[in-house]
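Notes follow once the structure below has been shown.
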Amino acid sequence: MELLSILGCVANAGLVLALAPLGEGVLRKVTARLQSRQGPPLLQPYFDLLKLLGKEDIESGETPHVQRGAGYLALATVLTVACLLPLGFRTPLTGAGDVILLVYLITLAGICTLLAGWGAGSTYALLGSSREMMTMMALEPLFAVSLVAGAVQTGSCQVDRVLDGSVYGAGGIPWSGLILLATMALAFPAFVQRLPFDVAEAETEIMEGALIEYSGPKLALFKYAQMVKLLVYSALFVALFVPWGSGWAFPFGWLVFWGKVLAMVLLVTAVAASHARYRIDQALRHFARLLVLAVGALVLACYGL
Amino acid sequence: MLKKICQKMLRRSLWVYHANSGGCNGCDIEVLNVLTPYYDAERFGIKLVGSPRHADVMLCQGPAMRSTACALRRAYEAMPAPKLVFAIGSCACGGGLWHDSYSVLGPVEKLLPVDFYIPGCPPRPEAILYGVAAAAGLVDKKVAPVRFKQAEFPIPRYHPEHLRGRGELVVYEKAERV
Amino acid sequence: MVARDLLNRLKEMLGPALLRVDTPADDRIFIHVERDAIRAVCRHVFRDLGARYVISIGADDRPFSGQYLVAHDFAFDAAHLLGSVVTHVPEGDPRLDSITPDVPAANWAERELRDLVGIEPVGHVEPKRLILPDGWPEGAHPLRKDVAWNFVPEGYDPERAFKFGEPPPGCTVVPFGPFHPTLDEPAHFRLYVEGEVVRGCEYRGFMVHRGIEKLAESVLSYNDIPMAAERICGICGCVHNVAYAQAVEEAAVLRAPPRAEYIRTIMLEIERLHSHLLWVGLACHILGFDTLFMQSFRIREPVMWIAEKISGNRKTYALCLIGGVRWDLTLELIAELRRVLDTLEAEWRAVIKAVLGDKNVQQRARGVGVADRSLVQELSLIGPVARAAGVPLDCRRDHPYAAYDRVEFEVVTHEGGDVWARIVVRMKEVLQSIEIIRQCLDKMEPGPIQLAITDELPVGRYGLSSVEAPRGESHHFVITGENHRPRRWRVRAPTYQNLQAVPAMIKDQQLADMTITLGSIDPCFSCTDRFEIVDLATSTTRVWSAEELARLARAGRR
Amino acid sequence: MTSLLSKIREVMVGWNAGRVTLPYPAAPAPPPPRFRGRPIFDATKCIGCAGCANNCPAREILVYDVCQEIRILKYLGRRCTYCGRCADVCPEGAITMSGEFENATPAIGDIEQRLELFMSTCQRCGRCFTEPSPLEQLKLKGYRFDDLEHDRWVFRSQGYLENSPVVDDLTIELD
C-alpha cells in the first residue's frame with residue numbers, strides 16, 4: 001500500500017511534469033490560431049525551459065536565499081497538489097490529507113510568488129507582490145467555500161471523498177454544484193494566473209511583477225511551476241466540478257479525464273485571448289461578486305440542494 | 001551539459017528585449033510588426049519579454065545617446081549570459097543621420113559589443129526575420145564588402161617620356177597596357 | 001476675425017510697442033513687438049482673443065541682426081489664421097519675460113529656450129532643465145550659432161544624475177522608464193504612488209533629443225532636411241516631411257503643382273491609416289488584449305505594403321522635396337490602392353462594431369485619463385485628445401494645406417475626454433481617411449509632380465506650416481537662410497503639447513491606468529524630443545520598507 | 001450579453017481571416033519594383049563627381065582624393081537611410097537602388113562599398129560635373145574632405161570651420 005502510493009505519487013508528479021509544457025504549448029498554439037497566425041511549435045515551452053535552465057543565474061535580489069527557496073517551493077507545492085489528485089486513476093495519497101490541506105497548498109503556491117517578489121526587492125517586484133497578495137486574499141475564500149460545499153455534500157473532509165463525491169453528491173438537480181461550477185469557471189483564469197486576471201505579473205504594466213528580477217534556472221522553475229499549475233488546477237477543477245465519465249473503465253475514463261483537462265486549457269485560452277486585463281480593483285470586485293455567489297451555493301448545499 | 005543544451009536551444013527559443021535608446025520609433029514598430037500575424041516570429045520561438053533579466057537577445061534601436069547611455073549599459077549588464085546584442089536600423093548600426101550630433105554618441109557598438117547588424121531605415125520585417133534567422137544559422141549571409149580598384153588607368157597618359165619613334169610613326173610604348 | 005481686425009486691435013492696445021506687422025498671406029500674420037510688451041501681447045492673444053498657443057521659437061540671430069530672436073506662435077482656429085508674435089532680445093542681456101504664468105501651455109517651450117538658446121525666461125514657474133542630457137554643464141547652449149553641431153562643452157559629466165523633486169509625503173516612488181515594455185521609446189516618469197493610486201509625477205524625458213534642428217541649420221541642405229525630418233518620428237514621418245517642405249515653400253513663395261499636392265494628401269492619409277490602426281493595436285496590447293492587437297496589425301499590413309509599392313519603403317517614404325514630391329502614382333497603383341481601401345474598410349467596420357460593444361475594454365477605458373475641455377484649452381491640447389473632449393480642432397479643416405481644401409470630410413469628435421473617447425475618435429477617423437483618399441484619387445489630374453526651381457531661395461523669410469498628424473497638429477517654423485539651408489527650423493510635434501497634460505491626466509488614478517493613459521495620447525517621444533525605465537531592475541531605488549508594504553497590504557484588504 | 005456578443009465578433013474577425021502567416025525565410029519575399037534597398041555603385045559608370053556624397057543626408061558617402069588622379073569613393077552603408085537621393089542625383093545613373101534588403105551581417109564592414117576611381121583632369125576647370133535636374137541647381141554643399149580612416153565626414157564650408165576647432169582637427173591640404 002505504502003509503496004503503491006509512493007509509486008503513484010511519483011507517477012503523478014512525473015506525468016504532470018512531462019505534460020505541463022505541452023499544455024502550455026497547446027495554449028500558445030491555439031492563441032496563435034485565434035490571432036490568425038501560425039504560432040510556435042507545440043514543443044516550444046520545452047525548448048524555452050531547457051534554454052532557461054542553462055542560462056546564467058544572476059542573484060541580484062535583496063535576499064538570494066528567499067529567492068532560491070521560493071522557486072523550489074513554488075514547483076514543490078504544485079507537485080504536492082498533483083499527488084493529491086486523481087489524474088485519471090485513483091488518488092495516490094489516499095487518506096493522507098484533507099481539503100484543508102488542499103486549501104493551504106493552494107495558498108502556499110500564491111505565497112511563493114509573494115516571497116519571490118519580496119526576495120527580489122525591486123519596486124516592480126514589490127508591486128507585483130502586493131497585487132498577488134490582494135488576489136490571493138480574494139481567491140482563497142472562494143476556493144475554500146467550494147471545497148467546503150463538497151465536504152458538506154459528502155460529510156467528509158477527506159480529499160478523495162470530496163473529490164470522488166464531488167459537489168454533486170445530492171440527488172436531483174445539483175443546484176449548488178452547478179452554481180459553484182459557474183463561479184469557479186469564471187474565476188478559473190485567476191487561479192492559474194492567466195489573462196484577464198494576471199494583474200500580478202501584467203507584462204505591459206509592471207513587467208511580470210514578482211518575476212522581474214529572476215533569470216535563468218530560477219525563472220525556469222517559476223515558469224515551470226506556472227505551467228504545472230495550469231495543468232494541475234485544470235485537473236482539480238475537472239475532478240471537483242465535472243466528474244461525469246471519470247468512473248468508466250481504464251482507457252475510456254482516462255481519456256475522458258484528459259479530454260476534459262484539455263477542454264479546460266482551451267477554455268482558459270479562449271478567455272485569455274478575448275479579454276483585456278482587469279485592473280486590480282476591478283478584479284477584486286469580480287472575485288467579491290463570485291464569492292457572494294459561492295456562499296449562496298454553500299447555503300444551498302447545506303440544505304442538500 | 002546544461003550549457004550545451006542551452007546553446008542548442010537558444011536557436012529555437014530566443015527571448016528578446018527591445019531597447020530603444022533614442023531612435024525614431026520606426027524600427028520599434030517594425031520589430032513589433034515581426035510578431036504580428038503576417039510575419040509571426042513566434043513560430044521560431046522568438047518572444048518579446050519585458051525585463052532584461054529574462055532576455056537572451058537585446059535588440060538595440062536608435063543611436064547611443066548621451067542621455068540613455070547609462071541605462072542602456074545597465075540593461076545589458078542585467079542580462080544573463082549567454083547574451084547577444086542585435087543592432088537594428090541605421091541608427092543602431094552606424095549612428096544614423098545624427099551620428100555626430102552633440103547629444104548622440106554614435107552607433108551602439110560604442111557602448112555594447114554588437115553581435116549582429118540588421119541595417120535598414122527601418123528594415124523591412126522580412127529583413128529583421130532574415131537577420132534573426134541568419135544569426136541562428138538558418139540562412140546564409142548574403143552581403144560582402146565590395147572593393148573596386150582600377151588596376152590600370154583607363155585613359156592613356158601621353159607622357160613625352162613614353163613616346164618613341166620619330167617622323168610619321170610615333171609609338172606610345174605603354175599603349176598595350178591601357 | 002481676420003488679420004486686419006487683429007492688427008487694428010493690437011495697434012490700439014499696444015501703441016508704440018508694436019513695431020511691425022507682416023501679413024504675407026491671408027492666413028498668416030507676424031507681429032513684431034518690443035521685448036517688454038511680449039507678455040502683455042501674449043496674454044491678450046491667448047486670454048482675450050481665444051487663440052490657441054502653438055509653440056515658442058528661440059533663434060540665435062546674432063550673425064545677422066546682432067540679437068536673439070524669440071517668436072511665440074499662436075493659432076486662431078476659427079479664423080483660419082496662424083500667427084506669430086516676434087521679438088528680439090539683445091545679445092548682452094538674454095532675458096525675456098516668461099509667458100508661462102499666463103499661458104500655461106508654454107511651460108516646456110520656454111524651458112527649451114533656456115536650455116538650447118540660452119534665453120532666460122524671467123518669472124517662469126519651473127525653471128528646470130528640460131532637454132539637454134543631465135551631465136551637460138549650465139551655460140552651454142547648442143543652438144547658438146557660434147558652436148558646431150557636434151559641440152560637446154568642457155565639463156560634460158556623463159555620471160551626473162537628474163535632480164528630481166521631493167515626493168509628496170506618504171508616497172512611494174515608482175520609476176517608469178526609461179525602458180518600459182509599453183514605451184517604445186525612452187522617457188522617464190517618476191511616479192509618486194500611494195497604494196495603487198498615483199498622486200503625482202515628474203517627467204524627465206527628452207532622451208531622444210538628437211539635435212536634428214541643429215544639424216539642419218548647420219550641415220544639411222534644403223533637400224536633405226526632408227529625410228531628416230521624416231526621421232523625427234518613425235510613425236508620422238511623412239507629416240514632418242510635408243510640413244517642412246510646406247514651410248519652406250511658403251517662405252520662398254513657391255507652390256507645389258496640384259498633382260503633387262494630391263499625392264501629399266494621399267500619403268498623409270495613408271500614414272494616418274496605418275498610425276491609427278497601429279495605435280488601436282498598441283492600446284489593446286497595453287490593456288493585455290493581444291488578439292485585437294494582432295488583428296489590427298493584420299488589417300494594417302496591406303496599407304504598409306501599398307505604401308511600400310508607392311514610395312519604396314514601408315515607413316520612411318522620402319516623399320517631399322522642396323516644390324513637389326518624388327513618387328508618382330501610376331494607374332496600377334491607384335487601382336491597387338482602391339482595392340486595399342475596400343478590404344480595409346470592410347474589415348475595420350467589423351472591428352469597430354465588435355469593439356464598440358465590448359464592455360470589458362470599456363471598463364478599462366471609461367473615465368480613465370480624463371482631459372476635459374478646460375484642460376484642453378488651458379494646455380492647448382490638440383488632435384484626438386482635444387477631439388475626444390468635444391473640441392473640434394483639426395488643422396486639415398482649420399488651416400487647410402496640400403489638397404485638403406478640395407476634399408470633404410467630417411471632423412470626428414466624441415464627448416467625455418477619456419481614453420474610451422480617444423479610442424472611438426481614432427477608430428472612426430480611419431473611415432474618414434479612407435474617404436479622403438478616395439476623393440483624392442477621383443479628383444487627381446495628370447500633370448507634373450515637381451516644380452522646376454531655378455533660383456536660389458530667398459533669405460531671411462519666415463514660413464509657418466501646420467499639418468494634422470495622426471496625433472494632432474504638427475507645426476513647423478522656418479527662417480530661410482544662406483548656404484542652402486534654413487537659418488532656423490523649429491518643429492513642434494503634437495506630443496510636445498499633449499505630453500504636458502499627462503501629469504494632470506494621471507493624477508489620482510490607479511497605477512495600472514498609467515500605461516493606457518500615457519498610451520492614449522499616442523505619445524511619440526522621438527517627435528517630442530526631436531532635436532535632442534523599465535527602470536532597469538538593478539537601478540530602481542529601493543524605497544519601500546516592510547512597514548510600508550504591510551500598510552499597502554492593509555490598504556488592499558480594505 | 002452584448003459584451004459576450006462583441007467578444008464573439010472580435011474572435012470571429014480573426015477566425016474569418018484564417019491563418020495569414022507568410023512562409024518568408026522558407027520562401028522568398030521579393031520587394032516591389034520601387035523598393036529602395038541597398039544602393040549598388042557601378043564603378044564602370046561612375047565619373048567620380050561626388051554628387052551622391054554631397055546629397056547624402058546621412059553623410060556617409062565619403063570622398064577622398066589621394067592625389068590629383070585618384071579619388072576614393074567609399075559608401076559605408078552602416079548609417080544609410082535608403083532614401084535614394086544618391087541615385088536621383090547621379091548624372092550617369094551609376095547608382096541603382098537595388099531590391100536587396102537581406103543585408104544582415106555579423107560584421108558591419110560587409111556592407112561597405114569602396115571605389116577607387118581614376119580622375120582625369122579637365123583642362124579648364126580641374127573637375128567637371130553637371131547637375132542633373134533644375135532642382136539640383138540649388139547649390140551643393142561646400143567642398144569636403146572626408147576622413148576615410150575614421151569613417152568620418154569633414155565639412156569645409158563657410159562658418160563652421162574657422163572658429164570651430166572640433167571640426168577642423170584635420171590638417172588637409174587644399175588643392
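Please read these numbers as outputs of a predicted model, since none were measured by experiment.
- Atoms CD and CD, on E42(B) and Q44(A) in that order, are 7.5 Å from each other to the nearest 0.5 Å.
- Closest of all the heavy-atom pairs between Q35(A) and P37(B) is O-CG, 3.3 Å.
- In plain terms, the two heavy atoms of S215(A) and P80(B) that are nearest each other are CB-CG, 3.7 Å.
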Would you be so kind as to tabulate the donor-acceptor pairs closer than 3.5 Å made by side chains of residues 227-235 of chain A, with sequence neighbours excluded?
{"residue": "K229(A)", "atom": "NZ", "partner": "Q193(A)", "partner atom": "OE1", "Å": "3.1"}
{"residue": "S234(A)", "atom": "OG", "partner": "L230(A)", "partner atom": "O", "Å": "2.6"}

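- Close approach to chain A, defined as a heavy atom under 4.5 Å from one of its heavy atoms, is seen in no residue of residues 120-129 of chain B.
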Donor-acceptor list for residues 130-140 of chain B side chains, cut-off 3.5 Å, not counting sequence neighbours:
{"residue": "Y130(B)", "atom": "OH", "partner": "D140(B)", "partner atom": "O", "Å": "2.5"}
{"residue": "Y130(B)", "atom": "OH", "partner": "K142(B)", "partner atom": "N", "Å": "3.3"}

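- Between D48(A) and S13(B), the closest heavy-atom pair is OD1-OG, 2.6 Å.
- Residue with the most contacts toward chain B among G54(A), S36(A), P40(A), P41(A): P40(A) (heavy-atom pairs, distance under 4.5 Å).
- Within the 4.5 angstrom heavy-atom criterion, only backbone atoms of A55(B) (N, CA, C, O) approach chain A.
- Looking at L219(A) and R53(B), their side chains never come closer than 4.5 Å, going by heavy atoms from C-beta outward.
- Using modelled atom types, no side-chain atom of Q38(A) and backbone atom of Y38(B) make a donor-acceptor pair closer than 3.5 Å.
- Once rounded to the nearest 0.5 Å, the distance linking NE2 of H54(B) with CZ of F222(A) reads 10.0 Å.
- Scanning residues 17-34 of chain A against chain B with a 4.5 Å non-hydrogen threshold yields R28(A), sorted by number.
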Derivation of the side chain to side chain contact (heavy atoms under 4.5 Å, CB included) call for D56(B) and K51(A): CA-CA 10 Å; D56(B) 309 308; K51(A) 178 205 69 182; 2.5 Å; yes

